[in-house]
Visitor: 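Quick one: this structure, given as structure tokens, is what I'll be asking you about.
Every heavy atom of this structure was used, including side-chain atoms; hydrogens, water molecules and symmetry mates were not.
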Amino acid sequence: MQHVSQSHHPHPVNRIQKFLRKTGIFKRLTISFLFLILFSGTFITFFCIYGYSGILQEKIEHTVSLMVQNAALKAQDVMQEYEDLAISVYDDPQLIKMLQENASLHIHPSSETYQQNKTYIEKRLYRSSTGKLHIVNMQIVTPYCQYHMAEENGYRRGGCIRDLEDFYKSDFYLLPQEKHGYPIWIETENQSSTFYQSEQNIYGIGNLITLCVGIYTPIDREFLGVLVLNIHLDAFSDIWEGAASEKDGNAFLVGRDGLLLSYAPNIQAPAFPKSDSGYTTMLDNQKGVWERTIDGQNILTAYEQVPSTNLLITYLVNQKLVFKSVYRIRNLCLLVLIIVIICCIIISYYVTKSISQPINELITVMKKVGNGEWDERYDNSGHDEITILGDGFNEMTEKTSQLIKQVYLSEIRRQQISLSWKNAQLDALLMQINPHFLYNTLDIIRWEAMYEANGESRVTHMIETFSNLCRMGMHSGSNTITLEEGIRHGETYMEVINFRHQYKIELEINLEVDASTVYVPQFMLQPLLENAVTHAFGDASKGYKILLRSWIDHDRLLISVADNGMGISPEECLALNNRMSGIESSENNSGSIGMVNVNQRIRLFYGSEYGIHVKSSLGTGTEITITLPVRNISEDMKMEVEEESHVLSGTDR
């Protein structure tokens with residue numbers, strides 16, 4: 001078999017790229033700019049001489065169409081803002097609930113519940129309208145009454161509906177029910193005969209557009225009423241900002257009953273006709289550009305319907321005035337073209353130079369770094385993409401030189417955290433082993449004492465109580481116990497301590513939580529009680545008391561141990577809190593080692609935002625507050641050292 005070798009020809013695009021890249025960037029860009037400038041100039045000249053008028057016509061239509069479309073989008077944004085406000089009533093279940101209650105209580109409008117609900121609803125309406133400059137009136141109309149806006153002091157704001165019976169028959173009430181909760185805008189001229197500032201006003205509120213939304217219960221879709229927002233037309237005054245100043249045209253906002261609002265009226269531009277028979281045609285087509293004759297003038301009308309409304313954004317242009325400048329522009333075009341070509345050649349030279357020169361400098365620095373000169377950096381002097389590339393290169397070299405140091409520091413930090421956790425575990429284990437040994441020993445002593453005393457005695461009772469305290473320290477399984485168990489441990493400890501005091505130290509407990517359902521670390525309360533007995537009271541005398549409180553604040557469990565002892569100075573209190581937070585070393589502070597150990601275990605297990613805080617003053621006592629996360633299940637206190645290491649290394653990236 002004869003094999004015919006076929007030559008693979010490169011793609012034409014690839015051949016062009018390969019050819020262009022044989023020359024430097026400076027020459028390539030300069031030639032490209034000159035070619036584009038000459039080609040563009042020739043095309044513009046042809047355009048001006050032969051096709052300017054026709055293209056200008058198309059541009060005008062396109063421009064006014066975009067202007068109208070942009071204004072319609074702005075109007076839609078304005079309306080969406082008020083629609084979101086109206087629909088937000090469903091975010092207030094309390095409001096829906098009160099409307100339901102009043103629907104069943106409307107036959108007893110003087111009842112306390114009805115009046116309370118009404119007050120809440122009307123204040124809620126006022127708060128919702130606060131900050132909305134163009135909301136003239138905001139009401140909820142139900143089948144039995146109307147709710148107005150009311151300030152916190154009860155003063156009524158907004159407006160009212162004088163004739164509810166006519167309102168129930170109007171589109172304001174019926175159309176929202178047909179929409180089943182969807183917003184509907186109504187711009188008819190009979191708004192001024194429906195909404196009044198008060199029952200005494202003769203004339204209704206003018207220059208309005210009304211938003212109505214049916215209110216239903218979320219579950220069974222029971223109709224509760226209609227939310228009515230009367231919005232002043234000035235809310236749409238900014239939709240033509242930056243566009244309506246066009247000298248050749250006038251912009252208008254039109255409804256089915258005629259002109260609603262005009263924007264920056266221009267005397268030379270066309271006015272909106274008093275009787276516009278084309279409204280229905282425009283509404284049917286929704287958007288477009290329409291050439292027609294009005295009062296003997298050739299008028300170009302661009303229009304677009306605001307979605308889901310009967311509103312039309314229109315822009316009227318007199319074509320005769322627009323084309324007056326065509327010939328003047330044509331005569332100037334050639335002169336301007338020559339000047340532009342000269343300027344573009346100069347600009348193209350400097351722009352090309354600004355691209356090629358920094359690239360060459362960056363290539364030089366890259367070569368030096370590639371040869372091992374790691375201290376070399378690219379000197380950025382601009383704000384373009386080449387600058388970003390240079391910054392990235394500098395950052396890469398900087399991170400490379402620091403990588404080994406960061407790895408060593410992260411490893412040292414991980415070892416320190418691991419060592420702290422192991423020490424805390426060892427302390428907790430020792431606190432568990434010692435009570436186990438003492439309990440067995442004391443149990444033997446108690447039985448010997450009962451044998452010698454021929455039964456129970458004060459000594460055997462003391463030994464039994466202390467044995468119970470030791471047995472509570474031998475909790476097995478997880479490292480957390482219920483708060484109830486921790487409090488029993490503390491009560492037993494205080495009972496043992498009070499054996500040696502003539503006047504008992506009173507332990508008062510005030511709990512705002514269910515102590516049997518929340519879990520706390522073991523050996524947490526006893527060191528704090530011991531701290532109060534040892535340092536706050538010394539040799540106890542009459543009148544000393546410890547108050548143990550617990551409550552939940554948001555998602556945090558707070559436990560307070562407060563005494564009425566001697567207290568400590570502000571300096572000592574600050575130093576103790578610094579040791580708790582790790583600002584100062586806790587070494588050689590044996591007086592607070594138990595409390596520091598508890599704080600360390602809490603922070604290692606739950607995080608640095610939890611732990612112990614001390615508040616004290618001399619002569620008034622000390623309060624120790626423990627902050628814990630709320631836990632409703634027993635947990636095994638473990639620290640994920642690997643995860644901490646990962647976090648540390650991640651910060652160095």
Visitor: Between Glu152 and Arg127, is the closest basic N to carboxylate O distance under 4.0 Å?
Guide: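 Looking at Arg127 and Glu152, the cut-off is met.
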Visitor: Using side-chain contact (heavy atoms from CB on, under 4.5 Å), reason through Ile135 and Leu85 one step at a time and then give a plain yes or no.
Guide: CA-CA 11 Å; Ile135 294 182; Leu85 174 63; 3.4 Å; yes
Visitor: Give a yes or no answer on whether the side chain of Tyr90 reaches the backbone of Tyr216 with a donor-acceptor pair at less than 3.5 Å.
Guide: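 A pair under 3.5 Å: yes.
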Visitor: Looking at Asn599 and Ile612, would you say the former's side chain and the latter's main chain have a donor-acceptor pair under 3.5 Å?
Guide: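 Checked: pair present.
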Visitor: Roughly how far, to the nearest 0.5 Å, is the CD atom of Glu506 from the CD1 atom of Ile546?
Guide: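 Between Ile546 CD1 and Glu506 CD, I get 10.0 Å after rounding to 0.5 Å.
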Visitor: Quick check on Lys123: does its NZ atom have over 12 non-hydrogen neighbours (other residues, nucleotides or ligands) under 6.0 Å away?
Guide: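 Yes, because the 6.0 Å sphere around NZ of Lys123 holds more than 12 heavy atoms from other groups.
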Visitor: Within the structure provided, determine whether Leu525 and Tyr493 are in side-chain contact (heavy-atom separation under 4.5 Å).
Guide: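 Not in contact.
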Visitor: Write down the atom of Ala235, the atom of Val78, and the distance for their closest heavy-atom approach.
Guide: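 Distance-wise, the nearest heavy atoms are O-CG1, 3.7 Å.
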Visitor: Please check this pair: side chain of Ser616 against backbone of Ile568, looking for a donor-acceptor N/O pair closer than 3.5 Å.
Guide: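 Flag set: sc Ser616 to bb Ile568 pair under 3.5 Å.
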Visitor: Below 4.0 angstrom, N of the basic side chain to O of the carboxylate: do Lys132 and Glu81 qualify?
Guide: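 A salt bridge is present here (some side-chain N lies under 4.0 Å from a carboxylate O).
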Visitor: If you take all heavy atoms of Thr217 and Glu222, which pair is closest and at what distance?
Guide: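 It is OG1-N, 2.8 Å.
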Visitor: Side chains of Asn531 and Thr622: does their closest heavy-atom pair fall under 4.5 Å?
Guide: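 Asn531 does not reach Thr622 side chain to side chain.
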Visitor: Answer yes or no: is there a side-chain heavy-atom contact under 4.5 Å between Cys145 and Thr142?
Guide: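 They are in contact (side-chain heavy atoms under 4.5 Å apart), so the answer is yes.
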Visitor: Can you tell if the side chain of Val533 reaches within under 4.5 Å of the side chain of Met494, non-hydrogen atoms only?
Guide: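 They are in contact (side-chain heavy atoms under 4.5 Å apart), so the answer is yes.
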Visitor: Check the pair Gln80 / Gln76 against side-chain hydrogen bond (donor to acceptor under 3.5 Å, both in side chains), numbers first and verdict last.
Guide: CA-CA 6 Å; Gln80 184 64 47; Gln76 190 175 3; 5.7 Å; no
Visitor: Does a side-chain heavy-atom distance below 4.5 Å link Thr482 with Ser516?
Guide: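 They are not in contact (no side-chain heavy atoms under 4.5 Å apart), so the answer is no.
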Visitor: If you look at every heavy atom in Met524 and Val520, which pair is closest and at what distance?
Guide: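 Heavy-atom minimum between the residues: CE-CB, 3.7 Å.
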Visitor: Under a 4.5 Å cut-off applied to non-hydrogen side-chain atoms, are Tyr610 and Ile626 in contact?
Guide: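 Not in contact.
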Visitor: Verify, without hydrogens or angle tests, whether Ser560 (side chain) and Arg549 (backbone) share a donor-acceptor contact under 3.5 angstrom.
Guide: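 No.
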Visitor: Which heavy atom of Ile96 sits nearest to which heavy atom of Pro218, and what is that distance?
Guide: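 Minimum heavy-atom separation between Ile96 and Pro218: CG2-CD, 3.9 Å.
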Visitor: Yes or no on side-chain hydrogen bond (donor to acceptor under 3.5 Å, both in side chains) for Gln139 and Asn137, after CA distance, side-chain angles and deciding distance?
Guide: CA-CA 7 Å; Gln139 292 184 253; Asn137 179 38; 2.6 Å; yes
Visitor: Any sub-3.5 Å donor-acceptor pair from Gln146's side-chain atoms to Ile140's backbone N or O?
Guide: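 Checked: no pair found.
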Visitor: Kindly check if the number of other-residue, nucleotide or ligand heavy atoms within 6.0 Å of OH (Tyr182) is above 12?
Guide: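 No, because the 6.0 Å sphere around OH of Tyr182 holds 12 heavy atoms or fewer from other groups.
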Visitor: Run the side-chain contact (heavy atoms from CB on, under 4.5 Å) test on Phe195 and Val136 for me, step by step, so that the C-alpha distance in whole Å, both residues' side-chain angles and the decisive distance to 0.1 Å come before the verdict.
Guide: CA-CA 10 Å; Phe195 304 101; Val136 179; over 6 Å; no
Visitor: Is there side-chain contact between Leu99 and Tyr147, with at least one heavy-atom pair below 4.5 Å?
Guide: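 In contact.
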Visitor: Taking His108 for its side chain and Leu105 for its backbone only, find out whether a donor-acceptor pair lies under 3.5 Å.
Guide: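 Checking the backbone N and O of Leu105 against the side chain of His108, no donor-acceptor pair under 3.5 Å is found.
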Visitor: Identify the two heavy atoms, one from Arg124 and one from Ser88, that lie closest to each other, and give their separation to 0.1 Å.
Guide: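 Shortest heavy-atom contact: NH2-O, 3.5 Å.
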Visitor: Which is it for His148 and Leu125 under the side-chain contact (heavy atoms from CB on, under 4.5 Å) test, yes or no, and what are the steps along the way?
Guide: CA-CA 7 Å; His148 311 88; Leu125 291 173; over 6 Å; no
Visitor: To the closest 0.5 Å, what do you measure between CG (Asn510) and CH2 (Trp551)?
Guide: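 Answer rounded to 0.5 Å: 9.5 Å.
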Visitor: Only one of Lys97, Glu101, Glu122 passes side chain to side chain donor-acceptor pair (under 3.5 Å) with Asn117; say which it is.
Guide: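 Single pass found, and it is Glu101.
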Visitor: For the CG atom of Leu576 and the NZ atom of Lys615, what is their distance to the nearest 0.5 Å?
Guide: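 Those atoms lie 14.5 Å apart.
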Visitor: Say you draw a straight line from NE2 of His134 to NE2 of His232; how long is it, rounded to the nearest 0.5 Å?
Guide: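 NE2 of His232 is found 9.0 Å from NE2 of His134.
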Visitor: Working to the nearest 0.5 angstrom, can you tell me the gap between Tyr606 OH and Leu628 CG?
Guide: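 If I round to the nearest 0.5 Å, the distance is 6.0 Å.
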Visitor: Would you name the heavy atoms of Val226 and Pro176 that are closest together and state the gap between them?
Guide: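 It is CG1-CG, 3.9 Å.
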Visitor: Given the rule in the side-chain contact (heavy atoms from CB on, under 4.5 Å) test, do Met595 and Leu528 qualify, once you have shown the distances and angles that lead to the verdict?
Guide: CA-CA 6 Å; Met595 185 163 36; Leu528 305 186; 3.7 Å; yes
Visitor: With rounding to the nearest 0.5 angstrom, report the CD1 to SG distance, Ile205 to Cys160.
Guide: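 Here the rounded value is 7.5 Å.
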Visitor: Whether Glu609 and Arg556 form a salt bridge (side-chain N of Lys/Arg under 4.0 Å from carboxylate O of Asp/Glu) is what I want to check.
Guide: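 So Arg556 does not pair with Glu609 through a salt bridge.
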Visitor: Can you tell if the side chain of Leu211 reaches within under 4.5 Å of the side chain of Glu83, non-hydrogen atoms only?
Guide: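 A side-chain contact exists here, since the closest heavy-atom pair is under 4.5 Å.
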Visitor: Using only atom types and a distance under 3.5 Å, with no angle test, would you say the side chain of Asn577 pairs donor to acceptor with the backbone of Cys573?
Guide: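 Yes: the side chain of Asn577 pairs with the backbone of Cys573.
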Visitor: Using only atom types and a distance under 3.5 Å, with no angle test, would you say the side chain of Ser569 pairs donor to acceptor with the backbone of Glu572?
Guide: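 Checking the backbone N and O of Glu572 against the side chain of Ser569, a donor-acceptor pair under 3.5 Å is found.
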Visitor: Lys545 and side chain to side chain contact (heavy atoms under 4.5 Å, CB included): which single residue from Leu507, Asp563, Asn564 fits?
Guide: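 Only one of Leu507, Asp563, Asn564 forms a side chain to side chain contact (heavy atoms under 4.5 Å, CB included) with Lys545, namely Asn564.
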